[in-house]
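Since the structure comes first, as structure tokens, the remarks are kept for the end.
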There are 2 protein chains.
Amino acid sequence: MGDTKLKETLERVLIAAEALFAENGYDGTTLRQITQRANVNLAAVNYHHGDKESLYLEIIRRRLQPINESRLKNLAAAELGAEGSPVPLDVLVEIMARPLFELYADADHGGRHAARLIGRSLVEPLPFMTKFLAAEFQPVMSRFGQALRRHAPALPPEDFLWRLSFVVGAMLHALATLHRMKDLTRGICRDNDQVAARARFVQFAVRVLGTP
Amino acid sequence: MGDTKLKETLERVLIAAEALFAENGYDGTTLRQITQRANVNLAAVNYHHGDKESLYLEIIRRRLQPINESRLKNLAAAELGAEGSPVPLDVLVEIMARPLFELYADADHGGRHAARLIGRSLVEPLPFMTKFLAAEFQPVMSRFGQALRRHAPALPPEDFLWRLSFVVGAMLHALATLHRMKDLTRGICRDNDQVAARARFVQFAVRVLGTP
DNA sequence: GTCTATAGACGGATAGAC
DNA sequence: GTCTATCCGTCTATAGAC
């Protein structure tokens, strides 16, 4: 088999594992389920991706790193354009939220599952993931925290952090439940309109973070 | 052994299992871990509580049913007192949030773990739990949805439900991460002040739900 | 690189003595 | 009711043929 087929095989494992991890969690997913779904031999996973933990970490990293890089890049650009004045709140929230909602909308490439999995991995504390996640989010949270803070300088730090926690929680929950939003609301809320969902989220976050 | 000791034994299993399920999830917890932590023989779990799924369901139900009953009772009382006019928003939110935050504060009786577990069980979709959870929350969501709706009658249903989803997500996330809030904020936010956390949540939810 | 076969450990659940 | 011992299935991971 040539390189093309090979790459496709490895990719199929990642896609299959991503969907299963998102749906059933790390402990609820077996390597056998993954290889079966990917139409790959069981031994291929360990050969190419190492053990189960490495595979999981690799899947998360592959999605998360470009997202956080893009966030930092867009924040830097926005700050440059603002020329010293605070970047508008809605712009900040948009920069944070957009990559995840867009990932979710990229259904053909498994983005739905990837977005759900990211949300899930941030909620359920897997021992072997904590160090990676802390390091991965430290720069983003630090820089965005500062930028957001300029819109409510008088707010006590404790209140500010609680609000931030509520907003983050709302976003993770939205990502984790978007796929069944239609069922949960008896058809009133669509689950396939990523743009509308994001607009509502930005509106919500601005209202929460932008009040003294 | 008398009845007293027996009850204590069964109770110890529930407490131990609750903590482990909260920390490691359903699939991440083994019956052996549970019995070891509870200082109980392995076979005792199956004998008294049936299989693993029954045990999990029993733990959730034991905590959730009184909470939802209390919510419905308090809502009915508040509506009676309001004499036809809408129950104030902060009262509604308080009725919904209070039982969970108080459960969390009841550390000696394992309430912290129970609250985390409830949050977790509402996020991760265990197949054998969905029917129970849907039935358990249907009356609460229906009645409170109506009561909340009176404060924003002009708001399109879709927007209302999205806001509700954000608020619920923020609350579940708060419950799931309260225990590490201090670490996540470098000591700025305390994790043992349930009253302050609840007050901030109510303020947050009122702001979100009470704007046209 | 890819497969089969299997090692080796651990899981849930139960039989049967006490 | 409580315990020990164990069955039986499934899991991850790897050895070794091709």
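Note on naming: letters A, B, ... go to the chains in the order of the sequence lines (proteins, then strands), and numbering restarts at 1 for each one.
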Check your understanding: Parallel under 30°, tilted from 30 to 60°, perpendicular over 60°: which one fits the rings of B:Tyr26 and B:Tyr56?
Key -> perpendicular

Exercise for review: Could you tell me whether B:Thr35 contacts a base, only the sugar-phosphate backbone, or nothing, with contacts defined as non-hydrogen atoms closer than 4.0 Å?
Suggested key: nothing

For atom [atom1] of [X] and atom [atom2] of [N], their distance in whole Å:
X       : N      : atom1 : atom2 : value
B:Arg12 : D:dT2  : CZ    : P     : 10 Å
A:Asn24 : D:dT10 : CG    : P     : 17 Å
B:Gln33 : C:dG11 : CD    : C1'   : 11 Å
B:Leu55 : C:dG11 : CG    : C1'   : 15 Å
A:Leu42 : D:dC11 : CG    : P     : 10 Å
A:Lys52 : C:dC10 : NZ    : C1'   : 13 Å
A:Asp27 : C:dC10 : CG    : C1'   : 13 Å
A:Tyr47 : D:dA13 : OH    : P     : 17 Å

Review point. Side chains of A:Phe204 and A:Val93: does their closest heavy-atom pair fall under 4.5 Å?
Key: no

Review point. Does A:Arg32 have a side-chain nitrogen or oxygen under 4.0 Å from the phosphate oxygens OP1 or OP2 of D:dC11?
Key: yes

Check your understanding: Does a side-chain N or O from B:Asn46 land closer than 4.0 Å to OP1 or OP2 of C:dA13, or not?
Key -> yes

Exercise for review: Mark yes or no for whether B:Lys182, through its side chain, and B:Asn192, through its backbone, hold a donor-acceptor pair below 3.5 Å.
Suggested key: no

Check your understanding: So, the side chain of A:Asn74 versus the backbone of A:Ser70: is there a donor-acceptor pair under 3.5 Å, distance only?
Key -> yes

Check your understanding: For DNA chain C, whose closest nucleotide is more 5', that of B:Gly50 or that of A:Asn41?
Key -> A:Asn41

**Study point:** Minimum-distance nucleotide to A:Ala43 side chain [options: C:dT2, D:dT12, C:dC3]
**Key:** C:dC3

Study note, to complete from the structure: Checking D:dA13, C:dG12, D:dT2 against the side chain of B:Leu31 (C-beta onward), the nearest is C:dG12

Revision key, fill the gap. Contacts of B:Ala44 and A:Glu53 projected onto DNA chain D by closest heavy atom; the upstream (5') one is B:Ala44

Exercise for review: Ignoring hydrogens and angles, state whether a donor on the side chain of B:His113 or B:Glu23 is under 3.5 Å from an acceptor on the partner side chain.
Suggested key: no

